[in-house]
Amino acid sequence: MTTIYLDYNATTPVARSVTEAMLPFLQDHYGNPSSSHELGELPREAIALARSQLATMLRARDDEIVFTSGGSEANNLALKGVMFRHPPADAHLVISAFEHPAILEPARFLERMGYGLTLLPVNSSGLVEPQQVAAAIEPNTRLVSVMHANNEIGTIQPICEIAALCHQQGVLLHTDAAQSIGKLKVQVDELGVDLLTVAGHKIYAPKGVGALYVREGVELEPLVHGAAHERGLRAGTENTAYLVGLGEAARRVDEQWCERASRLEELRDQLLSLLSDKIGQPLTVNGCDAPRLPNTLSLNFPGVVGNDLLAAAAGLCASTGAACHSGETRLSTTLAAIGLDPDVARGTVRLSLGWSTSMEEIEEAARVLGQAWQQLASSTQQASCQQGDDG
Ligand SMILES: Cc1ncc(COP(=O)(O)O)c(C=O)c1O
């Protein structure tokens, strides 16, 4: 049985050129990048190159990049880094209701410490409305954080408009771009953001590495104190190999994202059309009224439970949007935020494509899913007929 991986929003494989760039720094060039002797030189230069590759991808300056252990740490540094510069009684934070836990949880932690917190509603199309942001800003709001693209339904948020509103009121804007980089154009000046999160393992670099873009002049309180690494914002000897890998991944993204994105969109739309044919009923797509990531398809399969469907779809790796326990449906934060009916959300499956997804995989995924749906839907129908007979 072959495996078809359609869960690229969860993580991506490490690209071959990324592994090749990293290997010498795992095997040979072990020097501490801070060492002034000759063994420190190559690692130091390699990290400088990685920083400039990341900055080039974002059209930022090299000294605006802070390396981190991944998207979660970058989000924590953005939120806590800004808020910790103010006393809790004098600082308010605004985030959207469907942020990733890597934003929701630090925000709730800050709220427990006494900071003000407002959760912005998301409309049924999966968008944060700029006027809601304007309405949520208070005189002591220090930071707004709205994700660039949602990880589950892929809707792309109006970050430029939100940035303009924030700046009119002297408020900083952070965006979590973990899901948009590699699929969309992500350039900090075009978006107008002050802080932006990068997660390596969503762009074909390893897990456990990422970065925070910090616009020149934005002051942050460090979370990890120690020596003066990363301009004093994050102490700890650099993980040279992983940073080199992240740099190479950023170089690939900058060179290839545009061409890759249009192919992803074609494949995704082909998948939807094949599946609709197989199911023979209208399939609703979450977020379809909004601009969406080209690789993401959040579908509501009628009459089945998403987990059962994926369990029956042999060899297909994808995600669901709701957990069902003892007849109760617990919706994901995103599906709850867009107000999806729990009965519909039971059948939600997220299919997310990657740069190496092929047409053969799309055809096979549609075949396997279609077959699994037929099986489950007909057994559910039989069970309800029997119940009707018994009753
Ligand atoms: C939108 C978003 N933000 C943040 C993260 C966390 O990134 P990391 O796994 O690198 O900590 C993820 C990963 O799932 C994500 O999808």
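Indexing begins at 1, ligand by ligand and atom by atom, following the structure's order.
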Next on the checklist: Within the supplied structure, the quantity of interest is the number of heavy atoms (other residues, nucleotides, ligands) at a distance under 6.0 Å from Glu259 CD; does it exceed 12?
Outcome noted: no

Checklist entry - For ligand 1, what is the set of protein residues having any non-hydrogen atom at a distance below 4.0 Å? => result Gly70, Gly71, Ser72, Asn75, His100, Met147, Asn151, Asp176, Ala178, Gln179, Ala199, His201, Lys202

Checklist entry - Taking the side chain as C-beta and beyond, is there a heavy-atom pair between Leu93 and Val144 under 4.5 Å? => result no

Next on the checklist: Side chains of Arg350 and Asp7, heavy atoms from C-beta outward: is any pair under 4.5 Å?
Outcome noted: yes

Checklist entry - Does Lys202 count as lying over the ring of Tyr8, i.e. NZ or CZ under 6.0 Å from the six-ring centre, within 45 degrees of the axis? => result no

Checklist outcome for this item: Applied to residues 191-241, the ring pair (Phe, Tyr, Trp, His ring centres under 6.0 Å) test, sequence neighbours excluded, yields Tyr204-Trp355

Next on the checklist: The test is side chain to side chain contact (heavy atoms under 4.5 Å, CB included); show your working for Glu152 and Ser298 and say whether it passes.
Outcome noted: CA-CA 7 Å; Glu152 273 188 65; Ser298 169; 5.8 Å; no

